[in-house]
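For reference, the structure discussed in these notes is given below.
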Amino acid sequence: MSTDVWVGTWRPHRPRGPIAALYSSPGPKYGLPTNVGYQLHDPSRYRAPAYSFGIRRLQQEDSCSPGPGYLIPTNMTMKGRDGIPAFSIYGRPRDIMSHITPGPGHYSPEKAGRWTFPSAPIYSLASRSKDFENDKTPGPAAYGLPPMLGPKVVSKSSAPNYSIFGRSSIGSFYEDLSRTPGPCNYRLVDPSTYKTRPPHYSMLGRNMPPGDNTIKPGPGAYSPEKYVQHRGLTFGIRHSDYVAPLIVDVAE
């Protein structure tokens, strides 16, 4: 019985290059350059010459005639239109409305008023003319009589007048030359500065013990009846189409 399970000189080995059968995708054949077209052509293949069509050049329109597509009526000759005279029938025009003279019943002499019957003279009040605005004559209220009191009487002799001036703060007997401060300029001193200070007490805030402030669900937040046990999933073993089978027993 031979100890070598392989027959011949072939042994499993890694391929020297990519094999299309090793890929589930179309494979590396799409990585090759194309043999169609002019751009990105395979340099190892023969490429035929490529030609392009030019654009139509602009032509100056020298002739503006209608061309052979001009349609001439069949009854038109070199001497004019051919055919018999043709007449058209028009509609009857409308009659012109004559002037209707009013009768005796259309008049109302009673509404004529003062144009027909004698009446008393009538006068109307016209508005003020515009020239009155330019008249600047003062009225009675614009004049004022001179006062009879005081030194400005025109036709009367006035007594002597005296004025009383205010008290001056400069040069008077009560002028404060030294700028001495008053009682209100001094600040009130705390008695604890020059006397025995009594004890002071302060009130601290309430200290809360440390703890977990998160909200915990209660027994009513759970629903055991809604739980459904699902089938577990497991991962299989990766198999390769190119792994050689393990041959344990070899026939002699």
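The structure presented is a predicted model; accordingly, all values stated were derived computationally and were not measured.
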Search all heavy atoms of [X] against all heavy atoms of [Y] and return the closest pair with its distance.
X      : Y      : answer
Met76  : Arg81  : SD-N, 3.9 Å
Phe117 : Pro109 : CE1-O, 3.9 Å
Pro33  : Leu40  : CB-O, 4.2 Å

- What's the spacing between Thr116 OG1 and Glu110 CD if we round to 0.5 Å?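 The CD atom of Glu110 is 10.5 Å from OG1 of Thr116, to the nearest 0.5 Å.
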- Between CZ of Arg45 and OG1 of Thr34, what distance do you get to the nearest 0.5 Å?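 Here the interatomic distance stands at 11.5 Å.
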- Message: Restricting to side chain to side chain contact (heavy atoms under 4.5 Å, CB included), what partner residues turn up for Asp82, sequence neighbours left out?
- Response: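 Residues passing side chain to side chain contact (heavy atoms under 4.5 Å, CB included) with Asp82: Thr77.
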- Set of residues satisfying salt bridge (charged side-chain N to carboxylate O under 4.0 Å, His left out) with respect to Lys216, sequence neighbours excluded: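 Once residues adjacent in sequence are excluded, the partners of Lys216 under the salt bridge (charged side-chain N to carboxylate O under 4.0 Å, His left out) criterion are Asp212.
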- What do you reckon, is CD of Gln39 surrounded by more than 12 foreign heavy atoms closer than 6.0 Å?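 Check fails, neighbour count at 12 or below.
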Under 3.5 Å, which donor-acceptor pairs link side chains of residues 189-196 to any protein atom two or more places apart or in another chain?
from, atom 1, to, atom 2, distance (Å)
Thr193, OG1, Asp190, O, 3.2

